[in-house]
Amino acid sequence: MRVFAAVLPPAGALAELGAAVDALHALPGAEALRWTSRPGWHFTLAFMGEVDDGLLPDLHARLARAARRTAPFGLRLHGAGHFGPRALWTGAAGDLDALRRLAERADAAARRAGIPMEEHRRYQPHLTIARARGEGAPLAPFLAALDGFEGTRWEVGELALVRSNLPVSGVAGEQPRYETVEAWPLEGGVRGGEGRIEPSG
């Protein structure tokens, strides 16, 4: 199955972002963007791609261990960013060190479970809200409108493994469907592991 590790913001945080994104739809050029589906909004920690079923038990065990080593931490949706002219996203603020540590542990868990991963890069938290159609679109108006966005703080309490179901109908504009395969509570503060930064394994 095609999977990734993720942090899933709660419904209240997504509703706040949704209200801000709805306002972006009225801006000139909005029709040149393909807006992502709200049920799929998430922060990817480690993208694994197609994973053989035989690797899943070890992956689950290693992700569970990564979650046990990580204490719950505060986060909020924040501001705007982009990747070239093709992707518009909102970022995160709060305990970014803890978020990056969790991403590193999820990446290490996947590698040690035998999953081929892309070259490791410094983690950039982002929640994609739109992608450009064709060659790209002028994103400056959307970045400016979303720049001051500040969501309400919430506590990240779970590490999720999410399955991505790619569109199969051929209908233009169909979005991928995401389903949580399993989620593990962050327990570092409960079991005395807070502050331990070794990767999962």
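Residue indices begin at 1 and follow the sequence shown. Atoms considered below: every heavy atom in the structure, side chains included; atoms not considered: hydrogens, waters and symmetry mates.
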Gap between atom CE of Met48 and atom CG of Leu55 - 0.5 Å precision: 11.0 Å
Spatial distance of atom CG (Leu88) from atom NE2 (His82) [nearest 0.5 Å]: 9.0 Å
Is any side-chain N of the basic residue among Asp107 and Arg111 closer than 4.0 Å to the acidic one's carboxylate O? yes
Using side-chain contact (heavy atoms from CB on, under 4.5 Å), reason through Leu33 and Leu139 one step at a time and then give a plain yes or no. CA-CA 9 Å; Leu33 297 173; Leu139 298 180; 3.8 Å; yes
With a 4.5 Å cut-off on side-chain heavy atoms, are Arg100 and Arg122 touching? yes
To the nearest 0.5 Å, how far apart are CD in Glu179 and CE in Met1? 7.5 Å
Which heavy-atom pair separates Ser37 from Pro39 by the least distance, and what is that distance? OG-CD, 2.9 Å
Under 6.0 Å between ring centres, would you say that holds for Tyr123 and Phe43? no
One pair to check against side-chain contact (heavy atoms from CB on, under 4.5 Å): Leu75 and Asp95. What are the steps and the verdict? CA-CA 6 Å; Leu75 210 62; Asp95 194 347; 5.7 Å; no
List, by chain and then residue number, the residues other than Trp89 in its hydrophobic cluster (Ile/Leu/Val/Met/Phe/Trp/Tyr, side-chain heavy atoms under 4.5 Å); write none if there are no others. Phe83
In a table with atom names and distances, give each donor-acceptor pair under 3.5 Å that connects a side chain of residues 5-16 to protein atoms at least two apart or in another chain.
{"unit_1": "Glu16", "atom_1": "OE1", "unit_2": "Thr152", "atom_2": "N", "d": "2.8"}
{"unit_1": "Glu16", "atom_1": "OE2", "unit_2": "Thr152", "atom_2": "OG1", "d": "2.5"}

Do Leu161 and Phe4 belong to the same hydrophobic cluster, where Ile, Leu, Val, Met, Phe, Trp and Tyr are linked whenever their side-chain heavy atoms lie under 4.5 Å apart, directly or via other members? no
Counting N and O atoms only, with roles assigned by atom type, does the side chain of His42 sit under 3.5 Å from a partner on the main chain of Gly40, one being a donor and the other an acceptor? yes
Distance-minimising heavy-atom pair for Trp184 and Ala67: CB-CB, 3.7 Å
Rounded to the nearest 0.5 Å, what separates atom CG in Leu99 from atom CZ in Arg101? 10.0 Å
What about Leu77 and Leu24, same hydrophobic cluster or not, with Ile/Leu/Val/Met/Phe/Trp/Tyr joined at side-chain heavy-atom distances under 4.5 Å? yes
Calculate, to the nearest 0.5 Å, the distance between atoms CD and CG belonging to Gln124 and Leu96 respectively. 9.0 Å
Assess whether side-chain contact (heavy atoms from CB on, under 4.5 Å) is satisfied between Leu56 and Val51, documenting all intermediate values. CA-CA 7 Å; Leu56 290 175; Val51 174; 3.9 Å; yes
Is there a donor-acceptor contact under 3.5 Å from the side chain of Thr36 to the main chain of Thr128? yes
Gap between atom CG of Leu102 and atom CG of Leu45 - 0.5 Å precision: 5.0 Å
Do you reckon Val156 sits in the same ILVMFWY cluster as Leu17, going by side-chain contacts under 4.5 Å, direct or chained? yes
Hphob cluster co-occupancy, Leu143 + Leu146, side-chain heavy atoms under 4.5 angstrom: yes
Minimal heavy-atom distance between Ala132 and Arg34, with the atoms involved, is O-NH1, 4.3 Å
Grab the two heavy atoms, one from Trp154 and one from Arg76, that are nearest each other, plus how far apart they are. CZ3-CA, 3.6 Å
Does Gly18 offer a backbone N or O that forms a donor-acceptor pair with the side chain of Trp41 under 3.5 Å? no
side-chain contact (heavy atoms from CB on, under 4.5 Å) between Trp35 and His25, intermediate numbers included: CA-CA 9 Å; Trp35 299 90; His25 292 178; 3.4 Å; yes
Look at the side chain of Arg2 and the backbone N and O of Arg163, then say whether any donor-acceptor pair between them is shorter than 3.5 Å. no
Taking every heavy atom of Met117 against every heavy atom of Ala110, the minimum-distance pair comes out as SD-CB, 3.7 Å
Minimum heavy-atom distance Phe149-Ala20, with the two atoms named: CD1-CB, 3.8 Å
Minimum side-chain heavy-atom gap Arg131-Arg86 below 4.5 Å: no
Group every Ile, Leu, Val, Met, Phe, Trp and Tyr by side-chain heavy-atom contacts under 4.5 Å, then state whether Leu159 and Val181 land in the same group. yes
